[in-house]
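Please read through the structure below; I'll follow up with questions.
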Amino acid sequence: MLKSKTWQLTAILMLISDWSQCIKSQECTVDPPENIGIDDPGHLGPLYIHWTAPASLTNLTACSMRYHLEYFNTYQSRWTVIRTVRTWYRAQFDLEKEVRVRISTLLKGACTNGTELKSPFTEMVLPPNNTGPVGSRVQGFGCVFYQKEFMECTWETGLEEPTQSQYSLYFWHREMEQAEECPQYIHSNGVRTGCKFTEESLSEFSDFNICINSSSPEVVLRSAFFSLQIQNYVKPAAIETVHLEASPDRRLQVQWDLPNERIPRHCLEYEVEAREEGVGGQPLLQRNVTNEMTLTSLSMDGARRKCFRVRSRMHHYCADRGFWSDWSHWSCHSDTESDAVVGCAVVIGIIVSMLILSLFGWALWRKWKAREGEMMPFSPLHKLMEYSKGLSARSHFNKTRENQ
Ligand SMILES: *[C@@H]1O[C@H](CO)[C@@H](O)[C@H](O)[C@H]1NC(C)=O
Ligand SMILES: *[C@@H]1O[C@H](CO)[C@@H](O)[C@H](O)[C@H]1NC(C)=O
Ligand SMILES: *[C@@H]1O[C@H](CO)[C@@H](O)[C@H](O)[C@H]1NC(C)=O
Ligand SMILES: *[C@@H]1O[C@H](CO)[C@@H](O)[C@H](O)[C@H]1NC(C)=O
Ligand SMILES: *[C@@H]1O[C@H](CO)[C@@H](O)[C@H](O)[C@H]1NC(C)=O
């Protein structure tokens with residue numbers, strides 16, 4: 001017992017004198033980690049990197065040992081640096097690209113008199129397993145997470161059409177033990193061109209990894225790998241009802257109801273498009289983005305009808321990005337107030353003008369009547385009539401006299 005303690009003490013002392021000497025001469029060398037390995041657990045992206053401490057430092061006790069790990073992050077095109085005391089690390093890689101990892105040993109403590117010593121790097125490079133012709137890789141891959149209820153990912157077949165082989169989609173996220181095949185393929189002309197994921201198969205705020213490869217090992221198609229954060233692909237449902245309400249000060253209140261969906265209200269922003277049908281010319285468009293579920297619009301000048309439609313999108317509080325929903329139907333408001341005023345004015349005008357006309361007509365008639373009454377006894381016409389009456393009477397008399 002005592003013996004072994006003494007031995008340890010001398011070993012540490014020896015080491016200290018060793019290190020201090022090399023620090024003085026600036027010729028200290030620390031060995032890099034050994035037995036570096038990179039394992040693929042089949043999760044379509046995450047790789048398990050592991051290593052062991054350098055054999056020369058296994059009995060070191062007075063110094064702390066750490067590791068400096070760097071890996072090339074192909075998603076960001078730069079090296080990511082990690083410092084850890086563990087001898088393993090898990091990182092996400094794009095398996096269509098080269099995997100590059102480098103690790104060094106860091107030593108610091110009493111044995112180095114407080115200075116941090118760093119070993120040279122041990123580097124490991126894994127080439128991607130790119131089998132199959134380049135042109136057979138799927139193109140135009142994209143996903144839409146509808147109303148946070150289900151997700152559809154679609155692709156176009158590569159330039160080199162698959163003949164005896166179909167594409168297969170595999171996916172994995174952190175809640176799954178193993179990668180699984182697409183639960184429901186979408187077909188177009190008998191070829192698989194998409195996959196529909198039900199809610200149970202999805203996981204937000206974590207890497208959702210997808211691999212599209214060939215369905216048979218005989219005909220090899222180039223595999224494609226994708227990694228998404230599915231909360232960034234949400235497309236909300238279209239808004240169904242938009243209410244318009246005019247206030248007495250000629251402002252229009254635009255309000256809308258959310259369709260029954262699982263996206264929390266505070267996670268959405270809205271765009272309201274207003275279209276004015278002005279007096280002649282092009283309709284006027286105006287767009288406003290708001291977090292509220294209501295918008296007050298100044299009533300328009302000269303516009304008779306104002307129409308509104310609304311769409312929604314994930315707000316950056318809840319996701320980095322997303323898709324706009326489809327537009328709601330147009331909801332229109334006619335300026336009935338001014339219509340009524342114009343209508344009233346027209347009716348009143350007609351009534352007034354009719355009144356004036358009839359008054360004028362009555363006056364004319366009165367005048368004419370009065371003149372007629374005045375003229376009757378003395379008018380030359382009257383006299384002529386009287387005279388002709390006398391004449392005819394006289395001739396009648398003569399005739400009767402002749403006949404007798
Ligand atoms: C250790 O460091 C201290 C100051 O940091 C210095 O005074 C001392 O000489 C160093 N010892 C050796 C052995 O280098
Ligand atoms: C470390 O110590 C063990 C005994 O505890 C010994 O067998 C081994 O050789 C030592 N390793 C080195 C590198 O000194
Ligand atoms: C490539 O495939 C081989 C076996 O076919 C596997 O051991 C290796 O890990 C794969 N490389 C990557 C980067 O997945
Ligand atoms: C396609 O990828 C999955 C998941 O990695 C794998 O299990 C399957 O064997 C692959 N298919 C072919 C034909 O390589
Ligand atoms: C809507 O946006 C326009 C500019 O595009 C702005 O003049 C108007 O005040 C906004 N309306 C509301 C209600 O925010």
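Indexing begins at 1, ligand by ligand and atom by atom, following the structure's order. All figures in this text were calculated on a predicted structure; none of them were measured in a lab.
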task: For atom 10 (C) of ligand 4, find the nearest protein heavy atom and state the residue, atom name and distance (0.1 Å precision).
output: Asn213 ND2, 2.5 Å

- prompt: In the protein, what heavy atom is nearest to atom 13 (C) of ligand 4, and what distance, to one decimal place, separates them?
  reply: Ser214 O, 3.0 Å

- prompt: Of all the atoms in ligand 4, which lie at a distance below 4.0 Å from a heavy atom belonging to Leu44?
  reply: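 The atoms of ligand 4 under 4.0 Å from a heavy atom of Leu44 are 4 (C), 5 (O).
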
message: Ring centroids only, cut at 6.0 angstrom: are Tyr89 and Tyr67 within range, meaning strictly under it?
response: no

- prompt: Would you say the side chains of Glu271 and Asn288 form a donor-acceptor pair under 3.5 Å?
  reply: no

- request: Would you name the heavy atoms of Trp155 and Arg192 that are closest together and state the gap between them?
  value: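 Scanning both residues completely, I find the closest heavy atoms to be NE1-O, 3.1 Å.
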
query: If you look at every heavy atom in Thr294 and Gln253, which pair is closest and at what distance?
result: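 Taking every non-hydrogen atom into account, OG1-NE2, 2.6 Å.
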
message: Starting from atom 4 (C) of ligand 4, what is the nearest protein heavy atom, named by residue and atom, and what distance separates them?
response: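 The closest heavy atom on the protein side is Tyr170 CG, 3.7 Å.
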
